Structure formats: C-alpha cells, structure tokens
Amino acid sequence: MEKKYGNGIVTADEISRMDLHSVELVVISACWSSRNQIIEDKGYHGLIGAFSEAGVHYVISHLWSADDFSSIILMDHFYYQYTQRKLAPPAALNLAKKYLRKITIRQMRKEGWFDCILQSNLDMESKAYVQKYEKMDDMLCPFENEIYWGGFSCYRCN
C-alpha cells in the first residue's frame, strides 16, 4: 500500500520545518501573500517567515490584490532579468517594476501581449478585460500607477 502524506494543503508551520537552504528564490503567486503577523521577540509569522526559517534566500510576494494582466507582464520581465541577465532577485524585480510603469500600449502590441492573451484558453470575461487595453491609445502607459506594481516585494531572508 502506498503511503500518503498530508491533506494537499501546506501550512507555514510545515514549510518552516523543511530544509530549503539550497533554494535561492520562492515566488508566492497569490494576492495578499506578504501579509504577516509580527510577534514581539519572534519576528514575522506567515509564509515569508516560514520560508525564511526553512532557509530560502529571497521571497517575492504581494501586499494587496494584484491585477492579473499587469502581473503577467511584470513577472515575465522579472524572470527575464533574473534568468537571462542573471540579476539578483531584488534588482530584477526593481527593473521589472520600472518596465511595467513605462510600457505603452504600442509596446505591448509590438511584444505580442494582446495576441498571447486573447488567443489563450482564458474565459471570455478575462479576454474582454484585456481587449479593453488593446483599444487604448498607443502612447498610453496603462500601468504607471503604483497599484499595478507597488505591492510586489522582495524579501531577503538569509
């Protein structure tokens, strides 16, 4: 008989007991994932604290609810900076935020963002949301407001 572990849900307590010292980066792809409880004399408690306790070097998470479309673009650029240019996670995230703030509709069109999303298997509501951007003025920078990029944070743990 095959032995099964857990219930499919990992907790911060379980993460904190893992040995993740060889892991440089964890990206938590969930809104509000940076929210932690600060307990006097014990530090942060939550997912970031758990990954830090487990030995992870950096954790990227989000402080509030994130816009899906802008997050896709930001994270794509982050991973380019991190994997191709070999930048440290904080520097790669900083450049990705700058990129997102300045990207224009014309540039998004040129880089194929609209085609990529609209030809995907996304539901009609998500596609309609992206089509709204596609119809905007070419010179507009739709994600310059910090609500689109300001919540992404990179924490150095170890």
Side-chain angles (χ1 to χ4, degrees), residues 1-104 107-108 111-114 116-117 119-123 125-126 129-130 133 141-158:
M1 179 190 246
E2 185 180 324
K3 197 173 196 179
K4 294 191 177 197
Y5 296 95
N7 60 3
I9 299 172
V10 66
T11 66
D13 180 56
E14 291 169 326
I15 292 168
S16 71
R17 296 179 203 194
M18 295 177 177
D19 180 4
L20 301 176
H21 286 85
S22 64
V23 176
E24 181 179 36
L25 173 67
V26 168
V27 177
I28 306 172
S29 298
C31 299
W32 304 98
S33 56
S34 285
R35 295 188 67 179
N36 288 291
Q37 181 179 11
I38 300 173
I39 298 176
E40 196 171 317
D41 298 329
K42 292 188 178 182
Y44 289 101
H45 284 262
L47 288 176
I48 296 166
F51 281 113
S52 179
E53 184 70 26
V56 170
H57 299 264
Y58 295 97
V59 175
I60 291 179
S61 59
H62 204 277
L63 290 166
W64 53 72
S65 184
D67 174 78
D68 290 339
F69 187 40
S70 62
S71 295
I72 290 168
I73 296 169
L74 180 132
M75 291 310 296
D76 180 75
H77 198 72
F78 164 77
Y79 280 111
Y80 168 77
Q81 298 295 334
Y82 177 64
T83 63
Q84 302 301 308
R85 296 196 56 217
K86 308 290 187 210
L87 296 179
L93 183 60
N94 188 43
L95 286 176
K97 287 179 175 187
K98 287 179 181 178
Y99 172 82
L100 187 65
R101 284 194 305 253
K102 296 177 191 271
I103 194 169
T104 63
Q107 188 176 357
M108 290 167 64
E111 292 178 10
W113 282 109
F114 298 118
C116 174
I117 300 295
Q119 293 172 10
S120 72
N121 291 329
L122 286 176
D123 59 88
E125 184 179 340
S126 298
Y129 178 76
V130 172
Y133 285 102
C141 298
F143 306 124
E144 64 186 342
N145 189 299
E146 70 182 314
I147 63 168
Y148 295 104
W149 48 265
F152 287 92
S153 300
C154 184
Y155 300 89
R156 183 180 176 116
C157 301
N158 295 301

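These figures come from a predicted structure and were not determined experimentally.
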N145: partners by side chain to side chain contact (heavy atoms under 4.5 Å, CB included), with sequence neighbours left out
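So N145 forms a side chain to side chain contact (heavy atoms under 4.5 Å, CB included) with I147, Y148.
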With heavy-atom distances below 4.5 Å as the criterion, would you say the side chains of M18 and V10 are in contact?
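Contact flag for M18/V10 side chains = yes.
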Would you call I117 and I72 a side-chain contact if the rule is heavy atoms closer than 4.5 Å?
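Touching, per the 4.5 Å side-chain cut-off.
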Considering all heavy atoms of both residues, which atom of G46 and which atom of A12 are nearest to each other, and what is their separation?
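Nearest heavy atoms, G46 then A12: O-CB, 3.8 Å.
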Pairwise distance [atom1]([X]) to [atom2]([Y]) - rounded to 0.5 angstrom:
X: L25; Y: C157; atom1: CG; atom2: SG; answer: 9.5 Å
X: F78; Y: C154; atom1: CZ; atom2: SG; answer: 6.5 Å
X: W149; Y: S71; atom1: CH2; atom2: OG; answer: 13.5 Å

Would you call the rings of F69 and F143 parallel, tilted or perpendicular, taking 30° and 60° as the class edges?
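Taking F143 first and then F69, their aromatic rings stand perpendicular (interplane angle over 60°).
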Option passing side chain to side chain contact (heavy atoms under 4.5 Å, CB included) with V26 (candidates L47, V56, I48):
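Single side chain to side chain contact (heavy atoms under 4.5 Å, CB included) partner of V26 among L47, V56, I48: V56.
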Name the atoms and distances for all side-chain donor-acceptor pairs under 3.5 Å in residues 93-103, with sequence neighbours left out.
{"from": "K97", "atom 1": "NZ", "to": "F152", "atom 2": "O", "distance (Å)": "2.7"}
{"from": "Y99", "atom 1": "OH", "to": "E111", "atom 2": "OE1", "distance (Å)": "2.3"}
{"from": "Y99", "atom 1": "OH", "to": "E111", "atom 2": "OE2", "distance (Å)": "3.1"}

Strictly by side-chain hydrogen bond (donor to acceptor under 3.5 Å, both in side chains), give each pair with a member in residues 17-27 just once, sequence neighbours left out.
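For residues 17-27, and leaving out neighbouring residues, the side-chain hydrogen bond (donor to acceptor under 3.5 Å, both in side chains) pairs sorted by first residue read D13-R17, D19-H21, E24-Y82.
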Who are the side-chain hydrogen bond (donor to acceptor under 3.5 Å, both in side chains) partners of S126, not counting sequence neighbours?
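Residues passing side-chain hydrogen bond (donor to acceptor under 3.5 Å, both in side chains) with S126: D123.
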Apply side-chain hydrogen bond (donor to acceptor under 3.5 Å, both in side chains) to S70 and list each qualifying residue two or more places apart in sequence or on a separate chain.
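Expected list: D67.
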Output all residues satisfying ring-ring contact (aromatic ring centres under 6.0 Å, His included) with Y129, sequence neighbours left out; order by chain, then residue number.
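For Y129 the ring-ring contact (aromatic ring centres under 6.0 Å, His included) partners, ignoring immediate neighbours, are Y133.
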